[in-house]
Amino acid sequence: GRPAKTTPLYETFKQDNAVFGVSYGLEFPLYFAPAGEEPVETPGFHRSNAFKTVAHECQVVRDTAGLFDLSAYAKYEVSGPHAAKWLDKVIPSHLPSVGRMRLAPLLNANGRLMGDLTVMCLAENRFMLVGSGYLQGFHMRWLNDQVGKARVSIINLSEELLGLSLCGPKSRKVLQQLAGESISNDDFPFLSAREMEIGLAPAIVVRVSFTGELGYEIYVPAMYLKTLYDQLKLAANDGNHKVQSFGVYGLLSLRLEKSYGIWSREFSPDYTPAMCGLDQFIAYEKADFMGRDAVLRDREKEPAQRLVTLELSTDEADAGGYEPIWSEDQMVGFTTSGGYGHTVNKSLAMGYIKTEEIDANRSYEITILGKRKSAQLLTTAPYDPEGSRLRGTN
């Protein structure tokens, strides 16, 4: 039945030789094949024909700027007289103030993960939540079940609001040419969220990036997406900045370099915030929130397993998820996802290891295609562990 759902950029991406994937029925680029090459990925258990192209897309993001289609993300508007009070009990983090955003896990009563969200406060009692697109039905059912008698409206805007991520060290210079106000570091600091005009489009702009670079997420009504894309490309050309579209494969490589987890891999109802590191976003001192009693109990003891990042010694195939992790002859954990970090030149995997078996000085092995490959536990993110590039103060 594909393509059943497309964005206004589908034909543009098709002309740019995109290889498409699908999420919740919506087509999105996996990567952009070189001109003259058939836009088809050859399936296999080893690194595919996409490998070199994805490496180039990642390097462009790190060196200058890249454009990524955010349209497949889920977007929910929460508003109404009781919106702030209600949301403060639904999410375990502090609510952001007006014009700001926070990262927040979503928990059930047992303290298990129900989602990982970006929470933006656009006005008093008006918020936008952004999460994984394929969880729309799941999240809408769960959120509506929590409303009760509260005067709160929850609207799924995933198809009405589409968007682009502009990220990389040149992204501010490109975006400033179109922004209707100053987006300097002083005027629009890290984790800002604001409605403004970007070129001809009314937009919600958020200063955050899943790539680990200075970047912005720009959400616009669907009818403006093509115009936004064209104007950003023109602004880049006018400023002599190289801006290139990149796909999900590039994003997944870049996020592994930052040890960023994703839903259905590192995050799921199987895990608690303490297991996966999302406990850093929980405001334990809050008087009341969903799952509070459970996470307070969990806080008193070490979790049974923890999320880690490992570097593999392999040159032909990378971890894909759910491969066993060994220490000598004992299986001590399993991978959740993996791939090649193209700008750090490392094969990387994320996964869970039994807490008592975690030791940076220990040798590990991961089974890749039936063969054990040596692996080293990393104590910091492979790329920019201090996060200076993400904050982009210059």
Side-chain angles (χ1 to χ4, degrees), residues 13 18 21 23 28-32 50-51 53-73 101 103 116-118 130-133 163-175 183 185 188-193 205-219 228-229 232-233 236 241-263 265-267 277 309 318 337-348 350 378 380-394:
F13 289 152
S23 177
F28 64 89
L30 297 172
Y31 69 99
F32 293 83
F51 189 80
T53 303
V54 174
H56 173 70
E57 291 180 7
C58 292
Q59 200 61 56
V60 169
V61 174
R62 295 283 189 235
D63 291 343
T64 54
L67 274 172
F68 177 78
D69 187 355
L70 297 172
S71 299
Y73 287 11
M101 64 145 288
L103 303 177
D116 58 315
L117 303 174
T118 299
V130 176
S132 300
L164 296 169
S165 170
L166 175 66
C167 46
K170 302 296 185 182
S171 57
R172 182 188 286 125
K173 293 181 178 179
V174 173
L175 189 59
I183 57 168
N185 189 63
F188 199 66
F190 183 53
L191 301 184
S192 292
V205 182
V206 192
R207 192 177 148 191
V208 70
S209 170
F210 200 51
T211 65
E213 297 293 337
L214 168 67
Y216 306 84
E217 294 183 357
I218 310 162
Y219 298 97
L228 174 67
Y229 178 85
L232 286 170
K233 281 293 192 83
H241 303 305
K242 182 180 181 182
V243 172
Q244 180 175 319
S245 297
F246 67 103
V248 167
Y249 285 175
L251 184 69
L252 292 176
S253 173
L254 295 167
R255 68 95 183 173
L256 280 173
E257 295 182 349
K258 289 292 293 177
S259 295
Y260 290 160
I262 57 173
W263 188 262
R265 294 295 188 146
E266 288 70 44
F267 309 143
T309 302
D318 304 295
S337 62
Y340 197 78
H342 288 284
T343 71
V344 296
N345 296 315
K346 300 178 187 294
S347 180
L348 302 170
M350 296 184 72
L378 302 180
T380 60
Y383 181 80
D384 187 29
E386 301 301 321
S388 60
R389 292 177 69 95
L390 179 66
R391 287 168 176 79
T393 56
N394 295 328

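Note that this is a predicted model, so its numbers are computed, not measured.
- Taking CG of Asp384 as the start and OG1 of Thr211 as the end, the distance is 10.5 Å to the nearest 0.5 Å.
- A donor-acceptor contact closer than 3.5 angstrom is absent between the side chains of Asn185 and Thr393.
- Between the side chains of Glu257 and Thr343, at least one donor-acceptor pair of N or O atoms lies under 3.5 Å.
- The only option from Arg255, Glu213, Lys346 that meets the side chain to side chain donor-acceptor pair (under 3.5 Å) definition with Tyr383 turns out to be Glu213.
- Looking at Leu166 and Val174, their side chains come closer than 4.5 Å, going by heavy atoms from C-beta outward.
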- [ ] Apply side chain to side chain contact (heavy atoms under 4.5 Å, CB included) to Val206 and Val130, showing your working.
- [x] CA-CA 11 Å; Val206 192; Val130 176; over 6 Å; no

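- Minimum interatomic distance between Glu266 and Gly261 (heavy atoms only, all atoms of both residues): OE1-CA, 3.4 Å.
- Side-chain contact between His241 and Thr64 is absent, with no heavy atoms from C-beta onward closer than 4.5 Å.
- Side-chain atoms of Leu117 and Leu103, non-hydrogen and from C-beta on, never get closer than 4.5 Å to each other.
- Remark: side-chain polar atoms of Arg391 are not paired, donor with acceptor, to backbone N or O of Phe190 under 3.5 angstrom.
- Considering CG of Leu214 and CG of Leu390, their distance stands at 8.0 Å, rounded to 0.5 Å.
- In this structure Tyr340 satisfies the ring pair (Phe, Tyr, Trp, His ring centres under 6.0 Å) test together with Phe51, His342, sequence neighbours excluded.
- The environment of NZ in Lys233 is crowded: more than 12 heavy-atom neighbours from other residues, nucleotides or ligands sit within 6.0 Å.
- In terms of modelled atom types and a separation under 3.5 Å, the side chain of Arg62 and the main chain of Cys58 share no donor-acceptor contact.
- Between the side chain of Ser253 and the backbone N or O of Gly250, no donor-acceptor pair lies under 3.5 Å.
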TODO: Check step by step if side chain to side chain contact (heavy atoms under 4.5 Å, CB included) holds for Arg389 and Lys258.
DONE: CA-CA 11 Å; Arg389 292 177 69 95; Lys258 289 292 293 177; over 6 Å; no

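- Here the options are Phe246, Tyr260, Tyr216, the test is ring-ring contact (aromatic ring centres under 6.0 Å, His included), and the partner is Phe210; only Tyr260 passes.
- Shown here for Leu70 and Ile218, the closest heavy-atom pair between the two residues is CD1-N, 4.2 Å.
- Taking both residues in full, the closest heavy atoms of Trp263 and Ser132 are given as CB-OG, 3.5 Å, listed atom of the first, atom of the second, then distance.
- Between Phe13 and Tyr229, the distance from one ring center to the other falls under 6.0 angstrom.
- Here the CG-CD1 distance, from Asp116 to Ile262, works out to 9.5 Å after rounding to the nearest 0.5 Å.
- Of all heavy-atom pairs between Val61 and Pro169, the closest is O-CD, 3.4 Å.
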TODO: Give the intermediate values and the outcome of side chain to side chain contact (heavy atoms under 4.5 Å, CB included) for residues Ser71 and Phe28.
DONE: CA-CA 8 Å; Ser71 299; Phe28 64 89; over 6 Å; no

Open item on the list: I'd like to know whether Met350 forms a side chain to side chain contact (heavy atoms under 4.5 Å, CB included) with Arg265, so could you lay out the CA-CA distance, the side-chain angles of the two residues, the decisive distance to 0.1 Å, and finally the verdict.
Closed with: CA-CA 9 Å; Met350 296 184 72; Arg265 294 295 188 146; over 6 Å; no

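- Nearest heavy-atom pair, Asp318 versus Ser347, reported as atom, atom and distance to 0.1 Å: OD1-OG, 2.6 Å.
- Annotation for Ser171 and Ala65: closest pair N-CB, 4.2 Å, computed over non-hydrogen atoms.
- Between the OH atom of Tyr73 and the CD atom of Glu217 there is a distance of 6.0 Å, given to the nearest 0.5 Å.
- Residues forming a salt bridge (charged side-chain N to carboxylate O under 4.0 Å, His left out) with Glu57 (at least two apart in sequence, or on another chain): none.
- Listed for the Ser165 side chain is no donor-acceptor partner under 3.5 Å among the backbone atoms of Phe68.
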